[in-house]
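For clarity, every value in this text was computed on a predicted model and none was experimentally measured. Convention: sequence-line order gives letters A, B, ...; per-chain numbering from 1.
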Amino acid sequence: MSLRFYNTLTKKKEKFIPVKEGKAGIYVCGITAYDVCHIGHARSALVFDIIYRYLKYAGYDVTYVKNFTDVDDKIIGKANAEGSDIYDISERYIKEHNEDMDRLGVARPTITPKATENIKGMIRLIDTLIEKGFAYVVDGDVYYSVEKFKGYGKLSGRGLDDMLAGARIDVDKKKKNPFDFVLWKSSKEGEPWWNSPWGRGRPGWHIECSAMSQRFLGDTFDIHGGGEDLIFPHHENEIAQSEGATGKPFANYWIHNGFIKVNDEKMSKSLGNTLTIKEVLAAYHPEVVRFFILQNHYKSYIDFSDASIAEARVGMERFYTTLKNIKDALDDGVNFSDTSEKDLSGEDEEVFKKMKMLPDRFKEAMDDDFNTARAIGYMFDSVRIINGYTSKNFVPTGESLFVLSEAKRHMKSVGKVLGLLLEDPDEYFEKDRKREIGKSGLDVREIERLIDERKNARESRDWDRADELRDLLSARGIIIKDTSTSTTWKVK
RNA sequence: GGCGGCAUAGCCAAGUGGCUAAGGCAGCGGUCUGCAAAACCGUUAUUCACCGGUUCGAGUCCGGUUGCCGCCUCCA
């Protein structure tokens, strides 16, 4: 079984055949650095983070390029409003972006170029487009003539004629066709500018991605990605620019992630329902956020709500409960360093074999259009196998602990690709408890005092008082768990 | 108006024409426990919006109907 995934360009799942065997080049459209990132940015970053990690896991030598747009109308607007310049603004939000992504456990791409560092490449590209007759100059502006590129519309699946009817079209008399888009804009007063053959100006939005992908990945590369909203016009325009200039295919595969809705509404600034990554991470562990997103296939939309993210937290608890049980068993001190597969028999052998299948099942799921939801399903299957093994008459022996340690290794190795199960279980639960306490405003000392009182009641076998105290704690959202030696607690 | 997507149990969700339709959450019954919690076992879709067609065989392919949604404007 080899890797296959859906290609927006052909609207089919296709086998992945890279340009150069064993290598993979990916370009993903990054953020425009003018505001803090929201949960939608997190999803896009996470989806391509998983694709990046999985390609590496599958043995590819991956070059992953994700740009920052650091010059654009909104950045200029914000800079002018603050009396600063575009670099102050973009640097600030790139820094915020990196902090958010680091906290989410998103690996840094191989290369993160900025638009302003690639102006020369853009000018060269625009020059070529003018030379080849794909672009025209009007009063210091340069436009791309969409009618000249015969493949225009092939990604979004629409022809120029289709779009003209009933579409909301901006009226710009300089354009020959309403869908012509700007490659270079002459600068107005108070705007940053660079020298060009067409006078002082700045690049249009689309040209940067053509220039930077070409610089770092070549004329034709493997995968181009981004949010589904970018299909038109941004990615369509990139194709027109790049293929117009080089005469070669641009990206062979296009991958687009679906959107996040909030309470079943599209998340947008105008509705005022954007949810920042910082807000979400204040309320949930980063792995809960990852799990929440990866439980859905990357192309479908996800509805974010308090209930849906809370459910994801419960799911992560299930994983960490199992890891905790394994950890406790392994801490028992029985030596299993001399044990190997051939020593196993009976249930030990059976569980060992089942767990050994996990990486293959994981690969089968991920090879099929990066099906993280199915992969997670297989991980839950493993959880059930391990829990069944440890819950009934478990005896720590060299054999059984060897099996558990292998089970843990397999869980962690696939978890690592998804960016899950990276924490020590005790730390995970401790962080979760602190976070939940912070949200509820409960008093930890008060809780511990009640638990202590209950402990005394239990020791004197005063079950009525003990149960009364547990009900009291339960009413405050505290769930307690008695073990043979102690009592632990967590927030519901 | 144009283009595209989706519709699977109470909820979320995977399903690449063919063994019993993954998995999670919630519920119910049981095991364990002083009682709980967690965990385990069992149970919860003769059926995949509806109607027709192709096929030996369809949730999966084709056509139609209905209902949601997205894009066509900056947007991950």
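Residue A:Glu228 contributes atom CD, which lies 11 Å from atom C1' of B:rC6 at whole-angstrom precision. We find that CE of A:Met379 is positioned 17 Å from P of B:rA14, with the value rounded to whole Å. Spacing between atom OH of A:Tyr298 and atom C1' of B:rG70 amounts to 17 Å, rounded to whole angstrom units. Note: CG (A:Asp328) to P (B:rA38) measures 17 Å, nearest angstrom. With rounding to whole Å, A:Asp264 atom CG is found 14 Å from B:rA7 atom C1'. Rounded to whole Å, atom C1' of B:rU16 lies 5 Å from atom CG of A:Asp368. Counting to the nearest Å, the C1' atom of B:rC74 and the NE2 atom of A:His206 are 10 Å from each other.
Separation of the A:Phe250 and A:Phe221 ring centroids falls under the 6.0 Å cut-off. Here the two rings, on A:Phe292 and A:Phe304, have centers that are under 6.0 Å apart. For A:His256 and A:His235, the ring centers are positioned less than 6.0 Å apart.
When each of B:rA39, B:rC72, B:rG23 is scored by its nearest atom to the side-chain atoms of A:Phe179, the top-ranked nucleotide is B:rC72. The side chain of A:Leu230 has B:rA76 as its nearest neighbour among B:rA76, B:rC69, B:rA13. Side chain of A:Phe232, nearest nucleotide from B:rA36, B:rC71, B:rA76: B:rC71. In this structure, the nucleotide among B:rA39, B:rA14, B:rA76 sitting nearest to the side chain of A:Ser391 is B:rA39. Ranking B:rG24, B:rA76, B:rA14 by closeness to the A:Met267 side chain, first place goes to B:rA76. Checked against B:rG70, B:rG24, B:rA36, the side chain of A:Arg470 finds its nearest nucleotide in B:rA36. Set against B:rC75, B:rG23, B:rU73, the side chain of A:Trp205 has B:rC75 as its closest nucleotide. Among B:rA14, B:rA76, B:rC35, the nucleotide with an atom closest to any side-chain atom of A:Asp482 is B:rC35. Each of B:rU16, B:rA76, B:rC40 was ranked by its minimum atom distance to the side chain of A:Glu364; first place goes to B:rU16.
A gap of 10 Å separates the P atoms of B:rG59 and B:rC19, to the nearest Å. Spacing between B:rC61 and B:rG27 at atom C1', rounded to whole Å, works out to 37 Å. Going from the P atom of B:rA26 to that of B:rC11 covers 16 Å, rounded to whole Å. The C1' atoms of B:rU55 and B:rU60 are separated by 13 Å, rounded to the nearest whole Å. For the C1' atoms, the distance from B:rG10 to B:rC41 is 23 Å, rounded to whole Å. Across the P atoms, B:rA37 and B:rA22 are found 28 Å apart, a figure rounded to whole Å. Only the C1' atoms considered, B:rU44 is 13 Å distant from B:rC25, to the nearest whole Å. Rounded to a whole angstrom, the distance from the C1' atom of B:rA38 to that of B:rC6 is 38 Å.
The phosphate of B:rA76 (OP1 or OP2) has no side-chain N or O of A:Asn257 nearer than 4.0 angstrom. OP1 or OP2 of B:rA37 has not a single side-chain nitrogen or oxygen of A:Thr487 nearer than 4.0 Å. Distances shorter than 4.0 Å separate some side-chain N or O of A:Asn371 from OP1 or OP2 on B:rG15. OP1 and OP2 of B:rA38 both lie 4.0 Å or more from every side-chain N or O belonging to A:Arg318.
As judged by a 4.0 angstrom heavy-atom cut-off over every strand, A:Arg43 is placed among residues making no nucleic acid contact. Among the atoms of the strands shown, base atoms are found under 4.0 Å from some heavy atom of A:Ile260. Looking at heavy-atom distances under 4.0 Å, A:Glu317 makes no contact with the nucleic acid at all. Among the heavy atoms of the strands lying under 4.0 Å from A:Asn387 are primed sugar atoms or P, OP1, OP2 only; no base atom is included. Heavy atoms of A:Thr322 sit nowhere under 4.0 angstrom from any nucleic acid atom. Using a 4.0 Å heavy-atom cutoff across all strands shown, A:Ile480 reaches at least one base atom of the nucleic acid. Across all strands shown, A:Met316 has no heavy atoms under 4.0 Å from either base or sugar-phosphate atoms. Base contact: A:Lys266 has a heavy atom under 4.0 Å from a base atom. Using a 4.0 Å heavy-atom cutoff across all strands shown, A:His297 reaches sugar-phosphate atoms only and no base atom. Residue A:Gly226 is in sugar-phosphate contact alone, with no base atom involved, counting any heavy-atom pair closer than 4.0 Å across all strands shown. Looking at heavy-atom distances under 4.0 Å, A:Ser308 makes no contact with the nucleic acid at all. Within 4.0 Å of A:Ser300, counting heavy atoms only, lie sugar-phosphate atoms of the nucleic acid but no base atom. Using a 4.0 Å heavy-atom distance criterion, A:Gly153 is classed as making no nucleic acid contact. Nucleic acid contact for A:Gly40: base, since at least one base atom lies under 4.0 Å from a heavy atom of the residue.
Pairing for B:rC19 is absent, judged as Watson-Crick or G-U wobble with the two contacts each under 3.5 Å. Nucleotide B:rC40 forms a pair with B:rG30, judged by Watson-Crick or G-U wobble geometry with both contacts under 3.5 Å. The partner of B:rC61 is B:rG53, by the rule that a Watson-Crick or G-U pair needs both atom distances under 3.5 Å. A 3.5 Å limit on both hydrogen-bonding distances identifies no Watson-Crick or G-U partner for B:rC75. Under the Watson-Crick and G-U wobble criteria, each requiring two contacts below 3.5 Å, nucleotide B:rA7 is paired to B:rU66.
Relative to the six-membered ring of A:Phe370, A:Lys299 misses at least one condition, a distance below 6.0 Å or an angle of at most 45° to the axis. Annotation: cation-pi geometry satisfied between A:Lys261 and A:Tyr301 (NZ/CZ under 6.0 angstrom from ring centroid, within 45° of ring axis). Annotation: cation-pi geometry satisfied between A:Lys74 and A:Tyr34 (NZ/CZ under 6.0 angstrom from ring centroid, within 45° of ring axis).
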**Prompt:** Is there a side-chain hydrogen bond (donor to acceptor under 3.5 Å, both in side chains) between A:Asp348 and A:Ser400 once you walk through the steps?
**Reply:** CA-CA 6 Å; A:Asp348 297 333; A:Ser400 66; 5.4 Å; no
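Both A:Lys11 and A:Ile31 lie near RNA chain B, and the one whose nearest nucleotide falls closer to the 5' end is A:Lys11.
In this structure, A:Cys29 SG and A:Glu238 CD are separated by 4.5 Å, a value rounded to the nearest 0.5 Å.
Ring-plane geometry between A:Tyr428 and A:His285 is classed as tilted, the angle between the planes lying from 30 to 60 degrees on a 0 to 90 degree scale. A parallel orientation is assigned to the rings of A:His234 and A:Trp205, their planes being inclined by less than 30° (bins at 30° and 60°).
Between the base of B:rG34 and the side chain of A:Arg458 there is a donor-acceptor pair shorter than 3.5 Å. You'll find a donor-acceptor pair under 3.5 Å spanning the side chain of A:Glu311 and the base of B:rG24, going by distance alone.
Here A:Tyr378 does not pack flat against the base of B:rA22, since the 5.5 angstrom centre distance and 30 degree tilt limits are not both met. By the 5.5 angstrom centroid cut-off and the 30-degree plane limit, A:Trp463 is classified as stacked against the base of B:rG34.
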